[in-house]
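Comments concern the structure below.
Chain identifiers are assigned alphabetically (A, B, ...) following the order of the sequence lines, protein sequences preceding nucleic acid strands; residue numbering begins at 1 within each chain.
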Amino acid sequence: MPSTLYERELPPLPPPKKLGTVLVIGGCGFLGRSVVDQLLNFPSEKQSSQTAQTQSASLGPNKGRYEYNLEPLSTRYPPIDQAATTVHALDLRCTKNRLPGCTYHEADITDADQLRTVFKTVQPDVVINTASPQFDAPHAILRKVNIDGTKTLLDVAGNHKSWSKDGDKRCRAFVHTSSSSVIHDAQSDLKNADERWPYHVPNKNEFYSETKAVAERMVLAANGGEDVGGMLTAAVRPAGITGEGDMGGISYSICKTAAVAPGWQLNLQLGEGDNLFDTTYVGNVVLGLLLVAEGLLTTSRRVGESGVKDGGILEHERIDGEAFIVTNDQPCYFWEITRFMYSRMGREGVGARDKVWALPQDFAALIGGLSEIFGALTGRKGKINRQTVKYSCIHRYYSCEKLKRRCGYIPVVGVEEGLMRSVKWFRDWEENEAAKQGQEKKTQ
Amino acid sequence: MPSASSVVYYLTHPGELRSIIQWKTWHNAVHERDETKETENQKKCFHYLNKTSRSFAAVIQELHPELLMPVCLFYLILRGLDTIEDDTSISAKKKEPTLRNFYTYLELDGWNYTENRPEEKDRDLLVNFDCVVREFKQQKQEYRDIIADITKRMGNGMADYCLNAEFNEKGVDTIRDYDMYCYYVAGLVGEGLTSMFVESKFGNPALLDRPHLQVSMGLFLQKTNIIRDIKEDFEDNRRFWPREIWSNHVDNFSDLLKPENREIALNCSSEMVLNALDHADECLFYLAGLREQSVFNFCAIPQSMAIATLALCFRNPKMFERNVKITKGEACQLMLESTQNLQVVCDVFKKYTRIIRRKNVPQDPNFLKISIACGKIEQFIESIFPSANVKEIVAKGELQRKLGLGAVAPKKDDKKDDAQWWDSLYLFLMVMGLIVVVFGSMTLTAWALGARFDLIFKDLMPSNWGQLKQEFVSHDGPRITSSPVAHQEL
């Protein structure tokens, strides 16, 4: 057999990336912490296990059965040249999720003065914006952070005269974290959708996605403009982020359910169960952000050298002014993800085919509606509503070909490992919380 | 004459019987052999084709006249090679050079081979191999070159395996070895056929630039057979399941066949199925490159059968007890669906991946990987046959980019949104209230007019269900109707 035919391993790692001074906005959040971690070549792994050796997550009651080797991330993701990269993080509060090697700055991104002060100290070449509230946050907060915050950030980053030390130093690249939901109406099937799909604005079902779309549009429109000092912009749209530190996304809610719900609930399935759903490991999302950042820096250099506005880059190679969907490139059946995680959370015996109880979608929607009414009347928020029913019954998966083709993206960590990492993290976190509570009791 | 059990089976599975009848009555071959124009020698070749192949004889004989004879000969030659390799009565020392030199015999007038043991089932073909050689010499040089090249490489591959003591003793070791073995016995055939399709202009030349596609075609079929034949091969003391896979589940290969290890063996077989499923999307991709109906049918039928066989084997404990195979009715259905176009074949693949998923259990260590493999097939099909109107969506996107729709900041008001929600809640409550009032007043009226609700409730008590049923059955008893009021009034 021709030897190259069956080599399906990952290609060798590229030379270390040089990104200059990077400012991570929202650097103490779930995604932001992971950006900082990857930029610093994974200090978190040195922290958790002294020797960054292979950790194994042995889960489930009969030990060893679901043994899963979690290879270190630092040897698999493309390295960052530490001598040529400096990492700063900005967040509203910088008390949690801190990593050694990063400088932290506290500021409110909706306050231009506070931002300018930070920019004056940091003098960034690259800004990566990961700040965003949870998708179910109150509308006022969504608007304030996602739209007003992005606008302020864009203005300050682009107006280098207001913060540059030598007056010539500019921020060259602005990478914005958007959401794959900007093209979705939150209720119909989305199959293999790509960047050609139009924004869904206004979005009456999900205000979060609407604010994300408006912000993305703003960021991309600013690309290379005079008013932002020629700063290049691009957006990355992740789909269903999972992994260590998730405190509100899909992997967290599934783990949480597995930890507390009675067995019959775990065997419940809404709809037929044939719907495919994208989840993306957080490290892969970060890789997408960093590849785009690197691409913007390259374009910026080429523009500077050639003197031509677009740097002579062909339309189908362009990175600046573009949006990129990032997924794990492994859409998975929604209900199989949940059953997988339940069983790996130690809920043995859950999800055997003859035990699964599939409710027809219409019936489930009715229950969702009743639960909403009940919630509204009693003032309590139920677990199930019409929107959650919708989400668990529709297809929602994307194509990430554009990011692969233009930026050389590879989903380094697969879906299964990503979910296992979420499970392992959740269990450790649970244990920690329990230990903390125990200690508090003792001291009392 | 059909057996009694098959009569019973098809009486209880009329859908399958229908497929058989439909296939037998409505299937028109795209091309048919014209026996009047065939020479005696050609007829002889077809005679051996029908004798040696159950599954391929029919599809080969429906091929376009341009490819009919070359593919038939290709099949017979490889069958001959295989018959020498399979014969355990021939010593390795004797076998090796014969396998390596087999391609040269194709040019030797009157060459035949008589050293097979009598019980070797295709011995006859090799004894009369001179008819194959004679016909081979009549073919176009291009086809002869392709056939000879593949025969040479396959013969060398087989000779290497025949000398490989470790392989013969312990079976296949790594997954890579497994791929290699399948490549030599099946992947190469795919390569030869692809070259012939492209040569005849019935295949897209781009297929040659993507060699992994044709390799996948062969590997998918071969791996399916290896999975299905576990019991049979084990009894013949042959082991094709790679150690790298079975050692994840058992310590000794023979443990797989022990009844007490059934659950573990099923997990192992599902890992084998997972390994095979990896090729499925590339098989569909390959089929997209074929330009002639008979060639498409020739390639698509075995692939559909393979995915159906995989679905049948997946987590099926019977596989370790006896030889399982798809029913004739299902096979006819598959042939009907594989002789149309790629979209129909894609639907077949979707249908069977769904069957596989329905049998997948979280307790299987490869549960999610299998789910992902199924998702990959579905995503691939979606990418070639999108279910949404992509053209329209893209046009809308273009327009939006030009006009800047969505760039407008939303004028959304939380309070208004909230108010809207309360509005619909009030509406819902009002409708519910109305229903209660109407229902109540009707009941009240009925009661005032003398309706005996107490009797109805009594009848509806669970203790009376048996009686109720009887009353429904016997027509002369008092019937409970859906309208109690009317009943009382009568």
Give the member of B:Asn360, B:Leu429, B:Leu188 that has the highest number of heavy-atom pairs under 4.5 Å with chain A.
B:Asn360
Which is it for B:Arg358 and A:Asp274 under the side chain to side chain contact (heavy atoms under 4.5 Å, CB included) test, yes or no, and what are the steps along the way?
CA-CA 10 Å; B:Arg358 292 278 140 102; A:Asp274 286 327; 3.0 Å; yes
So does A:Lys144 have more than 12 non-hydrogen atoms from other groups sitting under 6.0 Å from NZ?
no
Which atoms of A:Ile183 are under 4.5 Å from chain B, going by heavy atoms: the side chain, the backbone, both sets, or neither?
neither
Here the pair of heavy atoms bringing B:Ser387 nearest to A:Lys191 is OG-CD, 3.3 Å
Heavy-atom distances under 4.5 Å only: say whether A:Glu401 touches chain B with side chain, backbone, both or neither.
neither
Give a yes or no on whether A:Phe374 atom CZ has more than 12 heavy-atom contacts from other residues, nucleotides or ligands under 6.0 Å away.
no
Is there side-chain contact between B:Gln400 and A:Val201, with heavy atoms separated by less than 4.5 Å?
no
As an exercise: rank B:Gly187, B:Cys374, B:Gly157 by heavy-atom pairs under 4.5 Å with chain A and give me the winner.
B:Cys374
To the nearest 0.5 Å, what is the distance between CG on A:Leu276 and CD1 on B:Ile372?
11.0 Å
When you measure from the side chain of A:Glu416 to the backbone N and O of B:Lys369, does any donor-acceptor pair fall under 3.5 Å?
no
Do you know the tightest heavy-atom contact between A:Ile337 and B:Leu368?
CA-CD1, 4.3 Å
Quick check for you: to the nearest 0.5 Å, what is the distance between B:Ser371 atom OG and A:Phe340 atom CZ?
10.0 Å
Are A:Arg339 and B:Phe367 in a cation-pi contact, defined as NZ or CZ under 6.0 Å from the six-membered ring centre and within 45° of the axis?
no
Which atoms of B:Ser383 come close to chain A, meaning under 4.5 Å heavy atom to heavy atom: side chain ones, backbone ones, both, or neither?
both
Any non-hydrogen side-chain atom of B:Leu425 less than 4.5 Å from a side-chain atom of A:Glu372?
no
Residue part contacting chain A, namely of B:Glu398, when any heavy atom lies under 4.5 Å
neither
Min side-chain heavy-atom separation A:Asn192-B:Gln379 under 4.5 Å:
yes
Is atom NZ of B:Lys351 surrounded by more than 12 heavy atoms (other residues, nucleotides or ligands) closer than 6.0 Å?
yes
Closest non-hydrogen atoms of A:Pro198 and B:Lys396, given as atom of the first, atom of the second and distance, are CG-CB, 4.1 Å
Which portion of A:His395 sits near chain B, non-hydrogen atoms under 4.5 angstrom
side chain
Rounded distance (nearest 0.5 Å) linking atom CD1 of A:Ile373 with atom CE of B:Met432
8.0 Å
Interchain contact, B:Arg354 with chain A, by part (heavy-atom threshold 4.5 Å)
side chain
Above 12 or not: heavy atoms from other molecules or residues under 6.0 Å from CZ of A:Arg318?
yes
Please state whether the side chain, the backbone, both or neither of A:Phe277 comes within less than 4.5 Å of a heavy atom of chain B.
neither
Checking heavy atoms, do the side chain of A:Tyr397, its backbone, both or neither come under 4.5 Å from chain B?
side chain
Counterpart residues, ring-ring contact (aromatic ring centres under 6.0 Å, His included), relative to B:Phe240 (two or more places apart):
B:Tyr181
